[in-house]
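One structure below.
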Amino acid sequence: MEIAKAYDPKEAEEHHYARWEASGCFAPEINENPDAEKFSIVIPPPNVTGTLHMGHALQHTLMDVLTRWKRMRGYRTLFLVGVDHAGISTQLMVTRQLKKDEHKSPQDIGREAFTEKVWEWKNKYGDVITRQIRKEGLSVDWSRERFTMEEGLSTAVREVFVRLYEEGWIYRGTRIVNWCPRDKTVLSDLEVKEEKAKDGKLYYLVYPIKGADEKLTVATTRPETMLGDTAVAVNPEDERYKHLIGKTILLPLTNREIPIIADDYVESEFGTGAVKITPAHDPNDWEISQRHNLELLVVMNDDATMNEAAGKNFAGLDRYAAREKVVMEFEKLGLLEKIEDYEVTLPHCERCKTVIEPLLSEQWFAKMDEMRDQALKLLREENSPRFFPEVPHKKVYTLWLENLRDWTISRQLWWGHQIPAWYDKDGNIFVAHSKEEAALKAGTEELTQDNDVLDTWFSSALWPFSTMGWNGSEPGAIAPGFSSPGSKNPGAIAFGSDKASDLETFYPTDVLVTGRDIIRLWVSRMVMTGLKFTGKKPFDDVIIHGTVLDKNGQRMSKTKNNGIDPLEVFEKFGVDATRMTLAGSATGIDFAWRDEKVESYRNFANKIWNAWRFCLMNSEGASVNPDILETDLRSLKDQRNQPFGSPSLADWWIEARLIKTAKAVNFALDTYQFHEAVQLLYHFFWDDFCGWYIELVKDVITGEIQSELPAEMKLVVQSKARSRIITILEQSLRLLHPFMPFLTEELWQQLPGVGSHLHNPAYRSAEKTIMLTEFPRGNDKTWEAAERTMTYVIELISKVRNIRAEMNIKSSDKVAIHIAAVDTEMLDAFRGNEAQILKLAKADSIVFENPSKFPKASAKAVLTGNAEIAIPLQGLIDFDKERSRLSVQIEKLDIELQRLNGQLSNANFVEKAPAEKVNELRERQVEIGQQIRTLGNNLEALK
RNA sequence: GCCGACUUAGCUCAGUGGUAGAGCACUCGCUUCACACGCGAUAGGCCACAAGUUCGAACCUUGUAGUCGGCACCA
């Protein structure tokens with residue numbers, strides 16, 4: 001059969017996913033073992049408007065590696081997928097589209113029509129991200145796909161809102177809030193990004209004092225807000241202003257008279273020591289106003305233009321135009337003292353980058369105190385959740401909870417969960433699960449629902465349990481010390497009844513994988529609501545992955561246009577290579593993206609392809625059979641080192657390596673050290689399996705051995721060897737599968753002898769696929785003798801190759817290897833693998849003899865274990881070169897010997913260091929001393 | 001202002017209280033029948049700097065410098 005020389009990922013990527021999905025491999029129901037342990041993980045729901053970026057790809061890869069690994073280990077596995085309605089982003093996107101297509105604003109068409117448009121948009125474009133998730137190869141259960149706006153999850157949202165309201169944790173209040181004048185909605189503190197302004201200025205405005213010649217200067221970065229000033233504050237201890245306290249100011253540009261008050265908040269050293277107080281437009285000023293009962297004067301509209309209260313000269317002006325005009329007027333009046341350059345950071349809307357306007361506004365807030373205390377208690381008593389890496393994320397999480405402020409949960413949007421609160425004509429509030437329920441409570445049908453929707457994160461906070469069917473009717477185990485849930489919910493609607501037990505089976509989840517930027521926004525809130533509403537923590541472990549930076553170490557951003565599109569990388573190098581690259585970066589650490597890195601994993605995929613190609617080209621009479629591995633090797637002690645024996649030393653050794661690697665990979669994944677697992681697999685497959693094993697057994701496999709064995713025996717040995725190599729390959733593919741699902745499935749399917757009998761016992765009746773095979777566990781068995789003996793062979797071959805290269809021996813020239821060794825194990829190893837040594841070292845003979853018999857004109861080297869070798873170079877030897885070669889080696893060894901001598905002659909070391917360590921160094925000292933003497937003699941002989 | 005992380009080969013990064021590692025790039029040699037996306041062989045580092053703890057420090061402690069984050073404040 002013709003097999004391509006290079007792996008083309010396209011075909012594998014196109015073929016397997018649909019089959020996996022269709023045959024139900026991703027759903028937990030595939031597991032037939034009623035006693036199977038469960039493993040569950042929920043995807044951080046990407047925005048329905050979103051497209052895949054590198055951060056997703058990294059996060060998704062880690063989750064899928066864990067899921068595929070656990071599934072192969074026999075766990076009943078659920079990787080739950082879904083998308084977030086992403087209130088602001090989606091509304092913005094559809095608004096833009098509406099404007100483009102119909103030249104209309106949302107207000108033009110009204111709320112109902114607009115939300116209908118959004119749903120249309122969602123149905124049309126909302127699957128972009130889910131298609132991309134399929135492309136990534138994620139083994140998520142699409143039959144349980146969720147959307148935060150679907151009925152079930154909305155029920156959960158209403159239930160939580162009602163319950164928190166009834167318990168008094170949700171309230172409506174008037175506060176200074178973060179207002180985005182462009183999106184015309186309030187934002188939570190976490191949706192606001194502080195950024196340095198380019199041309200910040202500090203304006204010094206002079207305020208005349210009533211009934212005095214004195215004037216007071218205040219400094220401000222926002223002069224336009226002076227129109228809303230209702231006081232000027234000074235520090236009560238400030239000698240400069242003490243006498244002014246209680247007097248009033250004639251506020252310029254207005255006809256108002258405002259008091260001079262004293263408040264500790266004012267720092268005398270800053271600015272002029274006098275602060276203008278604008279309670280309706282600054283959070284600190286608002287605090288002061290509450291203490292002093294100051295008047296609140298709102299001078300701005302919700303689009304950041306000035307309103308009537310600002311005076312008719314300013315009404316209608318944009319805030320920046322008003323600023324200029326105020327400054328101009330002050331200058332005209334001679335009341336502008338100076339303008340200084342001043343570095344100022346301003347809050348910006350995370351989504352649209354508009355400068356936030358602090359505004360006095362009536363909103364819904366959630367007081368998280370009780371839930372916060374539960375979360376902190378869980379953290380302190382059980383160290384849960386555990387963060388990986390723990391530093392610094394545990395601290396960020398703790399500090400945030402400790403300083404938690406009330407959460408602004410209402411948004412002035414149309415796309416989202418409309419707040420389940422209704423008002424009667426007198427403005428009384430009725431919070432209920434439905435209008436019918438509200439009507440019952442109100443005793444009237446004449447109700448209007450609150451216009452606002454909830455912060456998108458309100459529904460995200462419930463994600464781990466709302467997606468699994470929680471609707472408030474589930475009793476839920478209540479952890480001791482935690483308050484019991486509120487009154488039963490009469491309006492709760494049962495949904496997804498066939499999956500109703502998911503909550504019981506899969507909640508809490510096992511691990512959460514997410515980025516550090518949403519620890520506070522999301523992780524903390526899931527913990528809080530999870531504890532409160534289910535009585536259980538939503539997950540045990542939280543893996544915080546790093547940030548993928550561009551090749552210059554810069555954060556990727558749309559404005560810098562330095563983003564790397566994962567889909568382009570998939571296209572160029574394949575999904576599997578990309579996944580290896582992402583999983584191969586250390587957990588939690590930021591790293592700069594390098595195409596070269598993916599390229600090397602693309603090469604790795606190709607290496608695997610070619611190893612497979614070799615095995616397949618020589619697979620006649622062979623089939624995958626894991627039983628032959630250990631059973632066959634068990635009898636090895638009796639027959640090891642037989643020439644062309646099967647199993648041979650190489651067989652023995654590669655299985656030792658496989659078992660060790662499997663053990664280490666399992667451990668690495670258990671501790672979330674993905675990069676460690678990747679390194680182990682890369683090294684095992686490339687160096688051990690391809691570099692040594694294939695080369696060592698190649699001749700047996702291809703039938704090119706020159707042995708004295710009878711032909712029938714030769715065939716038996718050959719087909720056994722073929723089955724073994726193909727079995728080792730199959731085991732390797734299983735180990736690689738969680739990382740490289742497409743390639744491994746593609747290759748596995750075509751191996752002879754594979755079938756569902758290789759599946760983990762939990763999946764025996766499923767259609768054959770590598771993703772359901774048993775993940776090799778490895779064990780603690782060590783075959784030290786095999787590894788040690790193999791080291792002798794490897795060292796011998798390497799030393800001969802080194803001599804060949806350094807002495808410029810043509811690759812077509814065969815050499816003779818003269819070996820002087822005393823260790824019987826070593827001698828056995830060399831004799832038993834003579835054919836392989838000859839081939840790999842390009843030699844035609846091995847001579848065992850005393851070093852005194854070594855031909856004079858030889859290049860020489862020493863081996864570990866007091867052995868020497870010589871390569872005769874009759875006529876070809878360059879004595880100068882050989883002398884310098886030997887000198888360099890002696891020099892290197894001597895440096896090490898000096899260090900050892902120094903250490904061992906240090907009485908303190910010998911006395912205090914562990915005896916084991918001291919012995920180790922002594923042995924090394926003897927070994928090196930011996931080698932130096934031998935090399936020295938050889939060098940001497942050349943003089 | 002406070003807190004944290006990072007600083008290791010030319011580049012990107014692993015790493016452990018006891019001889020410093022990988023991939024890529026570089027140098028030399030190979031069209032060897034799985035693979036040139038390959039094979040073989042080299043070269044390359046006082047592990048940012050300084051002090052301390054220790055028999056022993058790249059690793060632990062403290063300080064310094066640089067880089068990058070987070071938080072707070074910003075009249």
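All chains are named by letter (A, B, ...) in the order of the sequence lines, taking the proteins before the strands, and each is independently numbered beginning at 1.
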To the side chain of [X], which of [options] is closest?
X      : options             : value
A:V391 : B:G18, B:C13, B:G4  : B:G4
A:I589 : B:A14, B:A41, B:G18 : B:A14
A:N802 : B:U19, B:A41, B:C73 : B:A41
A:K193 : B:C30, B:G70, B:A34 : B:G70
A:K842 : B:U32, B:U19, B:A41 : B:U32
A:F909 : B:C55, B:G70, B:U32 : B:C55
A:H675 : B:C55, B:G15, B:U19 : B:G15
A:A592 : B:A14, B:C13, B:C11 : B:C13

Item to check | Worked check of ring-ring contact (aromatic ring centres under 6.0 Å, His included) between A:F739 and A:F674 | outcome: CA-CA 9 Å; A:F739 300 89; A:F674 299 92; 7.4 Å; no
Determine the contact category for [X]: base if any of its heavy atoms lies under 4.0 Å from a base atom, sugar-phosphate if only primed atoms, P, OP1 or OP2 are that close, otherwise nothing.
X      : value
A:L202 : sugar-phosphate
A:V266 : base
A:R520 : sugar-phosphate
A:A913 : base
A:K839 : nothing
A:F270 : base
A:D285 : nothing
A:T221 : sugar-phosphate
A:Y265 : sugar-phosphate
A:R222 : nothing
A:T220 : sugar-phosphate
A:K892 : sugar-phosphate
A:E267 : base

Checklist entry - Got a donor-acceptor contact below 3.5 angstrom from the A:W593 side chain to the A:L549 backbone? => result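 No: the side chain of A:W593 does not pair with the backbone of A:L549.
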Checklist entry - Side-chain donor or acceptor of A:E194 under 3.5 Å from a matching atom on the base of B:C74? => result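 Side chain to base: pair present.
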Next on the checklist: Do the side chains of A:R602 and A:E596 get close enough for a salt bridge, i.e. N-O under 4.0 angstrom?
Outcome noted: no
Checklist entry - Using 4.0 Å as the upper bound for N to carboxylate O, is an ion pair formed by A:K572 and A:D595? => result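 Judged by the 4.0 Å cut-off on N to carboxylate O distance, A:D595 and A:K572 do form a salt bridge.
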Checklist entry - Any side-chain heavy atom of A:W609 sitting closer than 4.5 Å to one from A:I3? => result yes
Item to check | B:G40 pairs with, by Watson-Crick or G-U criteria that keep both distances under 3.5 Å | outcome: B:C28
Item to check | Shortest non-hydrogen separation from A:I869 to A:K799 and the atoms involved | outcome: CD1-CB, 3.9 Å
Next on the checklist: Taking the P atom in each of B:C73 and B:G63, what is the distance between them to the nearest angstrom?
Outcome noted: 27 Å
Item to check | Interatomic distance at P, B:G17 relative to B:U61, whole Å | outcome: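 Here B:G17 and B:U61 have their P atoms 12 Å from each other.
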Checklist entry - B:U42 P sits how many Å from A:M807 CE, rounded? => result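 A:M807 atom CE is separated from B:U42 atom P by 14 Å.
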Checklist entry - When you look at NZ of A:K10, are more than 12 heavy atoms from neighbouring residues, nucleotides or ligands closer to it than 6.0 Å? => result yes
Next on the checklist: Let me spell it out: for each of A:E596 and A:N906, pick the nucleotide of RNA chain B with the closest heavy atom. Which residue's pick is nearer the 5' end?
Outcome noted: A:E596
Checklist outcome for this item: Note: for A:E676 and A:K917 on RNA chain B, the residue whose nearest nucleotide lies more 5' is A:E676
Next on the checklist: Please verify the inter-ring angle class for A:Y682 with A:Y601; under 30° counts as parallel, over 60° as perpendicular, anything in between as tilted.
Outcome noted: perpendicular
Item to check | NZ or CZ of A:K394 within 45° of A:F387 ring axis and under 6.0 Å | outcome: no
Heteroatom pairs (N/O) under 3.5 angstrom, protein to nucleotides 35-39 of chain B:
residue: B:C35; atom: OP1; partner: A:K5; partner atom: NZ; Å: 3.0
residue: B:C35; atom: O4'; partner: A:N610; partner atom: OD1; Å: 2.8
residue: B:C35; atom: O4'; partner: A:N610; partner atom: ND2; Å: 3.4
residue: B:C35; atom: O2'; partner: A:N606; partner atom: ND2; Å: 3.3
residue: B:C35; atom: O2'; partner: A:N610; partner atom: ND2; Å: 3.4
residue: B:C35; atom: O2; partner: A:K607; partner atom: NZ; Å: 2.9
residue: B:C35; atom: N3; partner: A:K607; partner atom: NZ; Å: 2.7
residue: B:C37; atom: O4'; partner: A:N603; partner atom: OD1; Å: 2.8
residue: B:C37; atom: O2'; partner: A:N606; partner atom: ND2; Å: 2.9
residue: B:C37; atom: O2; partner: A:R602; partner atom: NE; Å: 3.1
residue: B:C37; atom: O2; partner: A:N603; partner atom: OD1; Å: 3.4
residue: B:G38; atom: OP1; partner: A:N603; partner atom: ND2; Å: 3.2
residue: B:G38; atom: O3'; partner: A:K607; partner atom: NZ; Å: 3.1
residue: B:C39; atom: OP1; partner: A:K607; partner atom: NZ; Å: 2.8
residue: B:C39; atom: OP1; partner: A:W686; partner atom: NE1; Å: 2.7

